[in-house]
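Everything below concerns the one structure shown next.
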Amino acid sequence: MTISPKENSQASDQTKGPSNFIRIIIAQDLEQNKNQGRVVTRFPPEPNGYLHIGHAKSICLNFGLAAENKGGICNLRFDDTNPAKEDAEYVESIKEDVRWLGFDWGTNIHFSSDYFEQLYEYALQLIKKGKAYVDSLSASEIRQYRGTLTEPGQNSPFRERSIADNLDLFEKMRQGLFADGTHVLRAKIDMAHPNLIMRDPTLYRIRKISHHRTDDKWCIYPMYDFTHCLSDAIEGITHSICTLEFENNRTLYDWVLDQLDVPCHPQQIEFARLNLSYTIMSKRKLKGLVEDGLVSGWDDPRLPTISGLRRRGYTPRAIRNFCERIGVAKKDSTVDVALLEFSIREDLNKIAPRVMGVLRPLKIIIDNYPEDKTEDLEFVNNPEDPLMGSRQVPFGKELYIEKDDFMENPPKKFFRLALGREVRLRYAYYITCNEVIKNPETKEIIELHCTYDPATKGGSSPDGRKVKGTLHWVAAAHAVTARVRLYDRLFIKHNPQKSEKGNDLISNINPDSLEILTGCKVEPSLARVKPGDRYQFERLGYFCVDNKETKDDKPVFNRTVALRDSWAKIEKARKQKKGVILKKKNKLR
Ligand code: ATP
Ligand code: MG
């Protein structure tokens with residue numbers, strides 16, 4: 001997808017948004033000239049999946065803090081210490097997504113795997129200080145010995161190995177002389193510590209697996225808690241910002257750095273992760289959906305992945321604005337997905353040209369319009385932005401309108417086309433429907449015969465006659481046929497992860513989350529579109545040209561978002577209905 005500079009301009013010249021507790025901490029640190037007045041943050045993804053909107057919050061926060069402080073730096077660091085789950089494909093996708101969001105790490109890209117040798121040296125330091133030992137209990141024994149929240153753990157029988165033995169065994173672990181799972185290196189802290197994480201945590205384990213960067217050079221890999229704090233220290237990070245679930249790990253973060261001779265001791269600060277309603281935000285679960293074929297890939301437009309949102313038509317600016325809007329807090333909460341939808345509507349309203357497209361076409365014939373005549377009518381491209389100019393849209397005798405814009409027996413509040421009724425065709429003419437032609441067997445409506453009033457050109461009547469409905473339309477002779485995909489929320493539950501009896505994630509999938517329409521008719525200005533182009537289809541919503549399946553003359557449009565929040569209405573109606581049923585039940589009692 002091509003990114004116009006306009007979309008990306010905000011990321012680099014970010015102005016400070018509203019204050020939050022992390023901004024306050026940093027401002028205070030700067031005031032006291034802590035860290036010699038430097039601000040160095042990092043975004044540390046594990047390359048074991050594609051990034052999602054939750055990661056965008058962390059990216060905007062870390063890169064944003066660096067950008068808004070003079071001389072600030074944000075490193076992109078791949079936390080790649082688990083070769084079983086990681087892959088170079090994920091590294092590339094993460095880089096693409098961070099760049100697309102509008103952030104530039106410059107030369108500040110790092111991999112924890114680049115520090116394997118240094119980390120090994122640090123492990124030796126710990127052993128030599130009597131602060132780490134090689135344990136030969138099995139994984140399940142280690143778990144048993146750990147104790148519980150209410151009971152202290154037990155020391156491993158291997159805890160008192162001599163420093164020399166530990167050095168020897170650790171060296172042999174590195175040389176590959178032992179099988180996976182036979183030994184681990186553990187920190188020697190306190191098996192009765194009230195914080196379970198501090199009960200002699202594992203620092204290294206044996207995994208005879210090739211690593212996507214170091215290949216077969218290593219068969220022992222450092223654990224997250226050992227790697228992360230040391231990588232931060234090696235890179236001179238000043239503020240190590242992570243999500244709340246690492247709060248308990250902070251004690252270990254500080255313990256490791258306190259034992260060792262490190263260049264600096266970064267401050268770990270936790271913030272609440274982003275949770276969104278009607279979606280899931282765990283790479284592991286997202287990977288499950290992809291691998292089980294429940295979605296078309298990591299970039300399925302129904303997923304909250306950055307690549308999915310991109311393919312859906314989201315702009316980087318809308319995502320950044322959303323992240324700024326939700327703020328940074330210390331307490332977990334769930335953000336309504338409607339707020340994300342609001343952010344993209346707000347942006348596309350300003351930048352998307354208006355066009356006309358008919359999703360479920362019904363042909364109408366204007367009986368009193370001359371045969372073979374075509375008029376070019378002037379359409380404003382975007383009333384929000386006069387600089388976007390105007391275009392010509394052809395009008396002719398045969399047109400398509402939306403099937404559900406006509407009803408033979410309309411209910412009271414239906415203001416669109418009906419037999420004998422006059423409506424406006426947008427920016428064109430008033431038309432009146434005079435006859436409905438049906439398939440004699442199926443009774444399906446095939447076409448409508450209408451007449452138009454030539455005096456209403458442009459869509460208003462000189463005699464002041466008013467009509468209640470305005471329809472969008474496409475001239476049949478000039479229409480381009482397109483495929484359109486309508487997306488809805490992937491899950492029907494507000495919190496799809498919440499386990500209820502007999503209710504798993506998959507049973508919470510919305511069966512109507514994707515509707516594919518073929519034979520849609522769009523105006524001829526859309527004959528040649530580029531993947532990633534975004535439009536507002538009048539009255540229908542915002543659409544984006546699919547970046548994978550669009551072929552030269554066969555556009556595929558993905559609906560990014562409807563014009564209004566129809567979901568809110570549906571929910572409200574559903575709740576009201578429930579209320580009515582309950583009331584009825586109560587009456588019966
Ligand atoms: P997941 O829980 O989705 O598997 P993760 O935490 O394992 O994600 P990492 O690659 O470790 O994924 O995440 C990189 C950074 O992004 C971490 O600092 C992490 O705290 C942050 N992050 C991950 N998920 C969220 C979220 N939902 N909201 C805010 N930040 C997040
Ligand atoms: Mg993680």
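The analysis underlying the following values was restricted to heavy atoms, covering all of them including side chains, and did not include hydrogens, waters or symmetry mates. What you see is a predicted model; the values in this text were computed from it and never measured. In each ligand, atom 1 is the first atom listed, and ligand 1 is the first ligand listed.
- In this structure, H110 has its ring center at least 6.0 angstrom away from the ring center of F78.
- Heavy-atom contacts of F43 reach the following atoms of ligand 1: 14 (C), 15 (C), 16 (O) (cutoff under 4.0 Å).
- Residues Y253 and P266 have side chains in contact (heavy-atom distance under 4.5 Å, counting atoms from C-beta outward).
- Annotation for ligand 1: atoms under 4.0 Å from non-hydrogen atoms of P44 are 14 (C), 18 (O).
- Comparing D79, T243, N48, I94 by heavy-atom distance to atom 19 (C) of ligand 1, the nearest is T243.
- Using a 4.5 Å heavy-atom threshold, the side chains of F170 and I127 count as touching.
- Residue contacts with ligand 1: R284 is placed with no nitrogen or oxygen under 3.5 Å of a nitrogen or oxygen of the ligand (distance criterion only).
- Here the two rings, on F63 and F43, have centers that are 6.0 Å apart or farther.
- Residue contacts with ligand 1: F246 is placed with no nitrogen or oxygen under 3.5 Å of a nitrogen or oxygen of the ligand (distance criterion only).
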TODO: I would like to know whether F21 and I269 meet side-chain contact (heavy atoms from CB on, under 4.5 Å); could you show each step before the answer?
DONE: CA-CA 10 Å; F21 77 99; I269 306 169; 3.7 Å; yes

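- The contact set between ligand 1 and P45, taken as ligand atoms under 4.0 Å from a residue heavy atom, comprises 10 (O), 14 (C).
- Aromatic pair F342/F322: ring centres not closer than 6.0 Å.
- Aromatic ring centroids of H211 and F116 lie under 6.0 Å apart.
- When only interatomic distances are considered, the shortest N/O to N/O separation between H52 and ligand 1 falls below 3.5 Å.
- For the residue pair R489 / N510, no side-chain donor-acceptor distance below 3.5 Å is found, with atom types taken as modelled.
- At a 3.5 angstrom cut-off on N or O pairs, H55 counts as close to ligand 1.
- Close approach of ligand 1 to E46 (heavy-atom distance below 4.0 Å) involves ligand atoms 9 (P), 10 (O).
- Atoms of ligand 1 found under 4.0 Å from any heavy atom of S282 (numbered from 1 in listed order, with element): 3 (O).
- Listed by number with element, the atoms of ligand 1 under 4.0 Å from a non-hydrogen atom of M281 are 3 (O), 27 (N).
- For ligand 1, the atoms lying closer than 4.0 Å to a non-hydrogen atom of S58 are 16 (O), 21 (C), 30 (N).
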